[in-house]
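See below for the structure under consideration.
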Amino acid sequence: MIGSPDGTLLEGDLSLDARLDALIATEQEGAPLPVFGLDEQIANNMIENCIGTMGLPLGLAFNFSINGSPLVIPMAIEEPSVVAAVSSAAKTISTYQGFQAWAPERNMIVAQVQLIDIQDNDMDQVMARMQHREKVIREEANEYCTNMVLRGGGVQKVTFHRVRRHASRESFQGQDLLVKYGVVSASTLPKRTERGITSQGRCSEWLVVHLHIDVGDAMGANCANTVAEGVAPFLSKLSGGRVGVRILSNLNVDRIAKSMFRLPFSHMGYKSLSGKDVAVRILEAYEWADLDPYRAATHNKGIMNGIDAVALATGQDWRAVEAGAHAWASGAGTYSERSTDAFSSPLLSSSANSPASGRAAFSSNGTNENDSHTTARKRQFGKDGDGDQQSRISRGDAYKPLTRYWIEEDAERLRQGYKGQDALVFCGELEIPIMVGTKGGVLSTNPVHAFTLGVMRYPDSKQLAMAMVTVGLAQNFAALRALVTEGIQRGHMALHARNIAISAGTPPDSVDEVTAYMIDTGKIRLSAARLYIEQRRLALYTAGTGIGIGMSVTAANTSSVNLGSEGTSAATNGMDGMNGTNHGSSIHHGPSSDGVISDAQATERSH
């Protein structure tokens, strides 16, 4: 189930107990993997004012083949059909060539130190002096991460960035009052073009030092903060500037993971639509997201449904991943021309700017072998001039979908004799900065994290990042495929009915029955579920009763169910692989490993 010697994945539908038995059967050296949650006393020592712990359903996504290897991926999420959606998409893609994924060889993190009150007349000289002393700064910074250095990591390079401050008084209100009442000196503020008390300012820029640290298989936040705070006094002395904020950055262009797939039209058929029709419709949906930030936000939310679920299941800082992802989607990640670091990601190529171009050539460690494609690349949105571009950005038009889709003529298929449409392939890719780790932090505190990493055969940080970006891509593909074919509303109602049944206090083994009743009668509401429970004399499922892997269902006094901005599709008709019923999926059984789910499958609430 987790990666048997012959590489097969679990086939067939199992009950919850049977799934747990299958997991325990994979025990290593006689010790079963733990499937229990976080101890409350441990939780009490992890955070302040602790009152207990809170569970999430923990599931497994199947059918993934990444770089030729099968992989089962754990996901922790409360939304139905997300796990089924990614499994279904993975099955479609893995029946051809599977996913190809890359991550940088070094697991880097950036620590930032802000240096303030450097006069404009001195900035060029300070910048040059800091650049000249880069090696000395690196050696000094490494004194604060000696363990990382001993493991072959530590500070690898130091870059310097001049951040221009606001040019108008209106951009940062109240600074003139700070000068007027003697809180700060006017000479410490930027030069102003307007008349007023701050016009004599002489500090128009800040110098920000970036320390690029190899943190091995750790996420690295604590290491980065320790280095930033430790080396800051030295940087202040060297520059003559006052130390401001010292902190890691959650936008890390040194740690970009990428996944992609290619599918011939013959593999794209879905429901009643031909492969070419599905491909065209997905391209249209993608184009809309590329043009409209309102749509792009929901498009990207669906991607993060998959990525966050893996992050939660494996003990990662999903908030950091979210922050970096949305900054990247907004066009951030390129250093200014006044920086010493001409941004060059090893995973980005000219193909990212041209949907018609083919794959870039990558080595096994994720390094682009064609350096000319990556030198000083800037992520650009729109082709307008500077003024027009600024107006576009101010309207939010810079926010773009994280995934990219295109059609190309496949050279290999042409060599094999395919012609015309048969030689075309549908291509999808996702690249995103992902800061994750498989050592340190809370990973040794919560036994579930050790269990879920074991499910993945104990990946290193790079392998985990590749798995997460692949799940995000699969989730997005599944969501778009569902949206452009059958839509999501029918699946919405099935999921809504199931959640209403749970909220009414339905026993877990009767959820399918109550859900089916509400769908058949068209009465999808709490009162109808409760009436049916009373008529059938079913025992209410009370709060706090545990099910399976630390899960519990709480009877609620409300019919409100969070279905998100674009509902999740799931089980309504023709429930292949869904516990043999035609209405909804049981809380015990979930979708089968082959990802065959309902007619309204794959989620965009999940996207």
Side-chain angles (χ1 to χ4, degrees), residues 104-165 188 202-255 333-346 367 371 374-376 433 435 437 440:
E105 184 62 28
R106 285 189 176 274
N107 199 33
M108 305 291 288
I109 196 168
V110 171
Q112 294 183 292
V113 179
Q114 177 194 32
L115 298 173
I116 299 173
D117 295 347
I118 300 175
Q119 297 292 305
D120 291 351
N121 293 337
D122 299 330
M123 181 60 80
D124 290 340
Q125 183 180 358
V126 169
M127 186 87 161
R129 182 166 66 247
M130 299 289 278
Q131 289 178 248
H132 181 70
R133 303 293 299 276
E134 189 268 343
K135 181 179 179 181
V136 176
I137 295 171
R138 181 159 28 94
E139 292 172 348
E140 177 71 18
N142 274 328
E143 292 297 320
Y144 300 95
C145 59
T146 54
N147 287 337
M148 287 295 179
V149 174
L150 291 174
R151 292 196 290 266
V155 180
Q156 301 300 305
K157 67 175 180 178
V158 183
T159 56
F160 309 93
H161 312 281
R162 294 163 67 164
V163 177
R164 189 176 298 280
R165 302 176 66 187
T188 65
R202 291 295 181 270
C203 294
S204 301
E205 293 178 302
W206 288 320
L207 179 58
V208 179
V209 180
H210 282 196
L211 303 132
H212 302 254
I213 312 168
D214 183 342
V215 291
D217 281 325
M219 187 271 191
N222 289 333
C223 176
N225 293 338
T226 299
V227 171
E229 292 182 359
V231 77
F234 179 78
L235 297 176
S236 175
K237 182 178 180 180
L238 193 62
S239 66
R242 174 170 59 90
V243 174
V245 174
R246 301 140 294 167
I247 189 69
L248 84 157
S249 173
N250 286 128
L251 174 60
N252 192 343
V253 298
D254 291 332
R255 208 188 288 194
T334 301
Y335 294 121
S336 72
E337 294 178 358
R338 301 178 70 80
S339 304
T340 64
D341 190 1
F343 167 52
S344 174
S345 166
T367 305
D371 292 337
T374 59
T375 303
M435 297 173 59

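This chain uses plain numbering: 1 for the first residue, then up along the sequence. Values below: all heavy atoms of this structure, side chains included; hydrogens, waters and symmetry mates excluded. Since the model is a prediction, treat every value here as computed from it, not as a measurement.
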With heavy-atom distances below 4.5 Å as the criterion, would you say the side chains of [X] and [Y] are in contact?
{"X": "C223", "Y": "I109", "value": "no"}
{"X": "N225", "Y": "I247", "value": "yes"}
{"X": "T226", "Y": "C145", "value": "no"}
{"X": "D124", "Y": "R162", "value": "yes"}
{"X": "M435", "Y": "L248", "value": "yes"}
{"X": "L235", "Y": "I137", "value": "yes"}
{"X": "Y144", "Y": "V155", "value": "no"}

Rounded to the nearest 0.5 Å, what separation is found between the [atom1] atom of [X] and the [atom2] atom of [Y]?
{"X": "I118", "Y": "R242", "atom1": "CD1", "atom2": "CZ", "value": "11.0 Å"}
{"X": "E205", "Y": "R165", "atom1": "CD", "atom2": "CZ", "value": "10.5 Å"}
{"X": "E229", "Y": "R246", "atom1": "CD", "atom2": "CZ", "value": "5.0 Å"}
{"X": "F160", "Y": "R129", "atom1": "CZ", "atom2": "CZ", "value": "11.0 Å"}
{"X": "H161", "Y": "L115", "atom1": "NE2", "atom2": "CG", "value": "12.0 Å"}
{"X": "S239", "Y": "I116", "atom1": "OG", "atom2": "CD1", "value": "10.5 Å"}

- Message: So for atom CZ, which belongs to R138, do other residues, nucleotides or ligands contribute more than 12 heavy atoms lying within a distance under 6.0 Å?
- Response: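 Yes, the 6.0 Å shell around CZ holds more than 12 heavy atoms from other groups.
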- Message: Does Q131, at its CD atom, have more than 12 non-hydrogen atoms belonging to other residues, nucleotides or ligands within less than 6.0 Å?
- Response: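 Check passes, neighbour count above 12.
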Nearest heavy-atom neighbours spanning [X] and [Y]:
{"X": "M130", "Y": "V209", "answer": "CE-CG2, 4.0 Å"}
{"X": "L238", "Y": "R133", "answer": "CD1-NH1, 3.6 Å"}
{"X": "N107", "Y": "A218", "answer": "ND2-O, 3.1 Å"}
{"X": "T188", "Y": "C203", "answer": "O-CB, 3.5 Å"}
{"X": "G154", "Y": "V149", "answer": "CA-CG2, 4.0 Å"}

- Query: Is there a donor-acceptor pair closer than 3.5 Å between any side-chain N or O of Q156 and the backbone N or O of H212?
  - Reply: no
- Paired with V215, the side chain to side chain contact (heavy atoms under 4.5 Å, CB included) test is passed by just one of R106, M148, R151, namely M148
